[in-house]
There are 2 protein chains.
Amino acid sequence: MKSVVPITAVEIKTACSQCNLRELCLPFGLDPGEINQLDELVGSRRKIKRQQHLYRSGDPFEAIYAIRAGSFKTDVILEDGRDQVTGFQMTGEVLGLDGISGEEHSCNAIALEDSEVCVIPFVRLEELSRQVESLQHQFHKIMSREIVRDHGVMMLLGSMRAEERLAAFLLNMSQRFTARGFSPSEFHLRMTRDEIGSYLGLKLETVSRTFSRFQDEGLVAVQQKHIRILNTPGLKRILNHHTA
Amino acid sequence: MKSVVPITAVEIKTACSQCNLRELCLPFGLDPGEINQLDELVGSRRKIKRQQHLYRSGDPFEAIYAIRAGSFKTDVILEDGRDQVTGFQMTGEVLGLDGISGEEHSCNAIALEDSEVCVIPFVRLEELSRQVESLQHQFHKIMSREIVRDHGVMMLLGSMRAEERLAAFLLNMSQRFTARGFSPSEFHLRMTRDEIGSYLGLKLETVSRTFSRFQDEGLVAVQQKHIRILNTPGLKRILNHHTA
DNA sequence: GGAGCCCTTTGATCCACGTCAATACGATTT
DNA sequence: AAATCGTATTGACGTGGATCAAAGGGCTCC
């Protein structure tokens, strides 16, 4: 048995090539050799405790981050104190793209639970994506996906009623948990009613009441942050049947 | 005088290197040699008449578009007919970034007036931006700017009142007209009250009433689509003084 | 240059969601 | 196991913006 370069357990756990999130993340579509190049680029890993900031609005932009474990929210805060949650991010998703345009971050990224991210120095990412076409393209897709997602949120905020917003939110969470190999119908929300409300443009009381109504109608079973979806088609019907 | 390749007036008018929008557009930050390379990439130009689509949701994605003259709106339409305007675009701004992620466009782009765009075939843009670092970076900035802009709209839709939304909208338009060398205080809106309302998450009646209120308060002079801003600090104050 | 139609304005009324308030639950700490 | 504090639920009431309706104004297209 050859053992020229002893590989420690930590190093193995660390590499994109060994990461079970690679199909959801930056390495998607790269061949093994290319993934190894990406491995070298992902300099370090950072652990962020629940409620702590990964970055703040105004921080200099140096890297983007791929979520390896845990979850985050991003928000924007106005001078007068009002804040708007602009997204919830799960494993394999990328954080920090907002910082590219202005050389500094334009929102806050806060861990919803103890989490870990891969630090991807942006200058080096641009460098490598000039050499690796598939990486370049995947990165562009990730940015574009963020734009499309934002359009969906604008649709939701601009023209949906409270029930529709919450139904859309639950179906979106379900779909993303599914993509990560978890149950489509049963999951644990990491964010508070207030944070959900901010994201959906509703007050926390409205979120709570709407959850209760869904429960009364047999669509979901809600127990605090634990959600069981009982009637997916019913939720989808709320989205489509606009009775106005 | 050599004249191997006769250059017609049209071709000259056509080039990025001669375009007075280059400081706002993709060529920003490139040196003259690099801009010439970009010139070769911008294959053709397309004229779009008022109310016509530049592309539709579902169209295959092949190119992005830089607006050379005129203006556009983008919108998303749900099955039940509801639609949401996701943005208004002016000269020098780029359209079509939504299409990268799914290989097809995910919204509609419609000309608000007779307009003209530069067609930038996306495969060739990726190719050239692998060679030209400054182009790559400028393209990334443009995508990132779109994400930041979307966050601003989410803030607006999620946590602002009607007056604040319209004030933010007017200040944003003013700032963009200014960047294009037009008056900061007097301009012509190309979109209807209904389109403004859709963008701001309000009904057209509310937009109209809010314009009237602004007029009563001496903040603006409104005459149909012609807007004169009389009190910019007053408008800014509406944005910051959240009396709730 | 006139007819028609879309766009805009304004008023009256309604209702979904916000606000205010009280209580209850659950996780964490001691 | 009790105390504490953030989080969630639920009720009563208020309101900003939606809806319904009607009339006037200004483009656009013949």
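Excluded from the calculations below are hydrogen atoms, water molecules and symmetry mates; all remaining heavy atoms, backbone and side chain alike, are included. Letters A, B, ... are given to chains in the order of the sequence lines, protein chains preceding strands, and every chain is numbered from 1.
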- Message: For a quick check of understanding: with a heavy-atom distance under 4.0 Å over all strands, which category does B/Ser208 fall into, base, sugar-phosphate or nothing?
- Response: base

- Indicate yes or no: does B/Glu93 engage B/Arg145 in a salt bridge with an N to O separation below 4.0 Å. no

- Quick one: CE on B/Met160 to CG on B/Leu239, what's the gap to the nearest 0.5 Å? 5.5 Å

- In whole Å, what is the span from the CD atom of B/Glu164 to the P atom of D/dG16? 12 Å

- Query: Quick one: do A/Arg50 and A/Asp114 make a salt bridge, cutoff under 4.0 Å?
  - Reply: no

- Message: By the 4.0 Å heavy-atom rule, please label A/Leu202 as base, sugar-phosphate, or nothing.
- Response: sugar-phosphate

- Task: Mind calculating the distance between CG (A/Leu166) and P (C/dA16) to the nearest angstrom?
- Result: 17 Å

- Message: Rounded to whole Å, please give me the gap between CZ in B/Phe211 and P in C/dC7.
- Response: 16 Å

- Message: Can you identify which nucleotide, out of C/dG26, D/dG16, D/dT19, has its nearest atom closest to the B/Lys203 side chain?
- Response: D/dT19

- Query: What nucleic acid atoms does B/Glu205 come within less than 4.0 Å of, heavy atoms only: base, sugar-phosphate, or nothing?
  - Reply: base

- Return the value, rounded to whole Å, for the distance between atom NZ of B/Lys49 and atom P of D/dC29. 10 Å

- Query: Expressed in angstrom and rounded to an integer, what is the separation of B/Arg193 atom CZ from C/dT10 atom P?
  - Reply: 10 Å

- Message: If I take atom CD in residue B/Glu113 and atom C1' in nucleotide D/dT28, what distance separates them, rounded to the nearest angstrom?
- Response: 16 Å

- Query: Rounded to whole angstrom units, what separation is found between the CG atom of A/Asp194 and the C1' atom of D/dG6?
  - Reply: 11 Å

- With respect to the phosphate group of C/dT10, does any side-chain polar atom (N or O) of B/Ser212 fall under 4.0 Å of OP1 or OP2? yes

- Query: So which one's nearest nucleotide on DNA chain D is more toward 5', B/Leu204 or B/His188?
  - Reply: B/Leu204

- Task: Identify, between A/Met160 and B/Lys225, the residue whose nearest nucleotide on DNA chain C lies closer to the 5' end.
- Result: B/Lys225

- Item | Heavy-atom neighbours of B/Arg56 CZ exceed 12 at 6.0 Å | no

- Message: Between P on C/dT8 and CD on B/Glu195, what's the gap in Å once rounded to a whole number?
- Response: 9 Å

- Message: What I want to find out is whether A/Arg82 reaches B/Glu164 closely enough, with some N-O distance under 4.0 Å, to be called a salt bridge.
- Response: yes

- Message: Should the side chain of B/Arg209 and the base of C/dG11 be counted as holding a donor-acceptor pair, with the cut-off at 3.5 Å?
- Response: yes

- Task: Select base, sugar-phosphate, or nothing to describe what B/Gly197 touches, counting heavy atoms under 4.0 Å on all strands.
- Result: nothing

